[in-house]
Novice: 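Take this structure, written in structure tokens, and hold onto it; I'll ask about it next.
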Amino acid sequence: MLNIALFGPPGAGKGTQAEFLINRYKLIYISTGELLRQEIAAKSYLGLQAEKIIVSGGLVSDEIIVQLIEKSITDNPKANGFLFDGFPRTWVQAYILEGLMIKLNTSLTCLINLKLPVEESIARLMKRGETSGRSDDNESVIRTRLSEYYEKTLPIQQFFQGRGVYHEIDAGQNVEAVNRSVSEIIQTIVSKRLFNIVLFGYPGSGRGTQAEHLAEKFGLEYVATGKMLQQEIKNETELGEQIGDLYESGQLVPDEIVVKLIEKKLENHNNIRGFIFKGFPRTFVQAYILDGLLKKHHSRVSQIIELKVPTIELINRLNARSKTENCMPYDRSTARIVKRLQEHEEKTVPVVDKYKHNRRVIRIDGRGSFEEVAARTVAEVEQGMRNLF
Ligand code: AMP
């Protein structure tokens with residue numbers, strides 16, 4: 001997720017920058033000021049409580065703010081990320097934000113302080129007051145709002161500095177220049193993030209070939225547990241000996257063993273755009289393990305793709321492969337092929353279904369030539385990389 005908080009005195013241009021950011025990164029916009037104005041317009045209990053304070057230029061209680069924010073967040077469980085405007089405004093709210101992010105299993109990506117001198121804030125707000133229709137855009141209220149900002153809000157920049165997510169820019173520049181500075185900050189953060197794909201599909205669906213192609217094209221590290229296990233057997237390692245029989249018969253290898261291999265692979269990466277996993281996760285347990293392993297690298301599963309090929313075609317493909325030199329030990333007989341397909345259906349298909357409950361799983365038609373399928377997978381990954389942030 002990409003979670004951004006825009007920070008800065010009233011009049012710094014948070015609303016203007018927010019508009020650009022929510023469109024560019026498809027974020028859910030949460031402006032506490034806007035939410036409060038809606039409550040006031042609706043004459044709700046919350047609105048009535050907040051109105052007097054807003055008109056005077058003071059800060060509404062943290063208790064009210066937490067209710068507003070929580071609702072906006074829980075209403076959007078599938079969000080790409082959130083953009084906070086005018087929140088957090090107090091030290092307590094900084095903790096509230098942190099707690100909400102933890103609840104969503106994410107964190108604040110950055111807090112950007114749009115710095116502006118006091119006199120410039122006043123001049124801008126007075127000008128805005130000519131057309132905004134906001135009762136708090138008049139000089140005496142503006143001064144109260146600013147003193148609230150400098151007294152209660154500005155100090156919380158320390159909170160975020162301490163967490164390594166604080167950035168600041170000069171908001172006195174023109175809108176386009178501020179926009180460029182904001183984009184640069186976000187792009188720098190995003191480019192350091194890993195883009196991780198999980199590629200699902202039945203044995204014979206072409207996962208391996210497609211995954212290798214995607215890995216090469218997008219600079220991803222290819223993580224294929226089957227291949228890694230095969231290597232262990234070939235090298236006659238201790239692990240290889242333990243798993244030889246299981247592997248040959250097409251059964252799943254115990255999680256403890258697979259996890260160690262994956263862990264090693266994730267630790268030893270460098271200079272890559274992300275990972276592409278094939279053949280993992282294969283079970284519910286492994287799906288949890290993957291989340292945990294990626295979290296350790298401040299990352300997560302970015303895209304889930306499922307290659308769909310009709311069963312008859314799968315059998316034909318695996319059968320054909322068994323007659324070539326690419327024959328895998330587990331493709332050697334029809335009985336083994338069927339066993340593998342069954343194993344996949346029983347253990348891995350439910351994992352894909354589980355992902356479908358809370359994540360978008362992209363279905364790709366796996367029929368046709370390698371090039372045809374590759375064109376489809378590449379298009380989806382390009383789109384995913386563009387959309388994600
Ligand atoms: P804004 O639209 O962000 O300038 O907010 C307008 C007014 O709403 C502020 O002056 C406060 O009275 C109130 N308000 C908005 N957000 C908060 C918040 N996070 N905490 C306390 N009061 C807020």
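As the structure lists them, so they are numbered: ligands from 1, and atoms in each ligand from 1.
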Novice: Do NZ/NE/NH1/NH2 and the carboxylate oxygens of Glu343 and Arg282 come within less than 4.0 Å?
Specialist: no

Novice: Should the proximity of Val60 to ligand 1, defined as any heavy atom under 4.0 Å, be assigned to the side chain, the backbone, both, or neither?
Specialist: both

Novice: Quick one: look at Asp85 and ligand 1, take heavy-atom pairs under 4.0 Å, and tell me if it's side chain, backbone, both or neither.
Specialist: neither

Novice: Would you mind checking if Asp137 and Arg128 are paired as a salt bridge, meaning a charged N to carboxylate O distance below 4.0 Å?
Specialist: yes

Novice: Can you tell me which portion of Ile65 lies within the under-4.0 Å heavy-atom range of ligand 1? Options are side chain, backbone, both, or neither.
Specialist: side chain

Novice: Measure Lys152 to ligand 1 on non-hydrogen atoms and call it side chain, backbone, both or neither using the 4.0 Å cut-off.
Specialist: neither

Novice: Please confirm whether Lys14 comes under 4.0 Å of ligand 1, counting heavy atoms of the residue only.
Specialist: no

Novice: If you measure from the Lys or Arg side-chain nitrogens to the Asp or Glu carboxylate oxygens, is any gap between Lys356 and Glu306 under 4.0 Å?
Specialist: yes

Novice: Are there more than 12 heavy atoms of other residues, nucleotides or ligands under 6.0 Å from atom CZ of Arg359?
Specialist: yes

Novice: Asn3 and Thr106: side-chain donor and acceptor closer than 3.5 Å?
Specialist: yes

Novice: For this output row, return yes or no: ring centroids of Phe84 and Tyr29 closer than 6.0 angstrom.
Specialist: no

Novice: Heavy atom to atom 3 (O) of ligand 1, shortest distance: which of Glu51, Glu148, Arg89 holds it?
Specialist: Arg89

Novice: I'd like to check which ligand 1 atoms, numbered from 1 as shown, lie under 4.0 Å from a non-hydrogen atom of Arg145.
Specialist: 4 (O), 10 (O)

Novice: Heavy atoms only, cut-off 4.0 Å: how does Arg37 contact ligand 1, side chain, backbone, both, or neither?
Specialist: side chain

Novice: Polar-atom distance check: Gln93 versus ligand 1, any N or O pair below 3.5 Å?
Specialist: yes

Novice: Against heavy atoms of Gly86, which atoms of ligand 1 measure under 4.0 Å?
Specialist: 16 (N), 17 (C), 18 (C), 19 (N)

Novice: What protein heavy atom sits nearest atom 11 (C) of ligand 1, and how far away is it?
Specialist: Gly58 O, 3.4 Å

Novice: With a 4.0 Å cut-off, would you call Lys296 and Glu267 a salt bridge?
Specialist: yes

Novice: Taking only heavy atoms of Asp136, which atoms of ligand 1 are found under 4.0 Å from at least one of them?
Specialist: 6 (C)

Novice: Run down the list Leu36, Thr32, Leu35 and name the one with the heavy atom closest to atom 14 (N) of ligand 1.
Specialist: Leu36

Novice: Is the distance from the ring center of His213 to that of Phe370 below 6.0 Å?
Specialist: yes

Novice: Write out the residue and atom name of the closest protein heavy atom to atom 4 (O) of ligand 1, then the distance separating them to 0.1 Å.
Specialist: Arg134 NH2, 3.2 Å

Novice: Looking only at the side chains, is there a donor atom on one of Asn196 and Ser299 sitting less than 3.5 Å from an acceptor on the other?
Specialist: yes

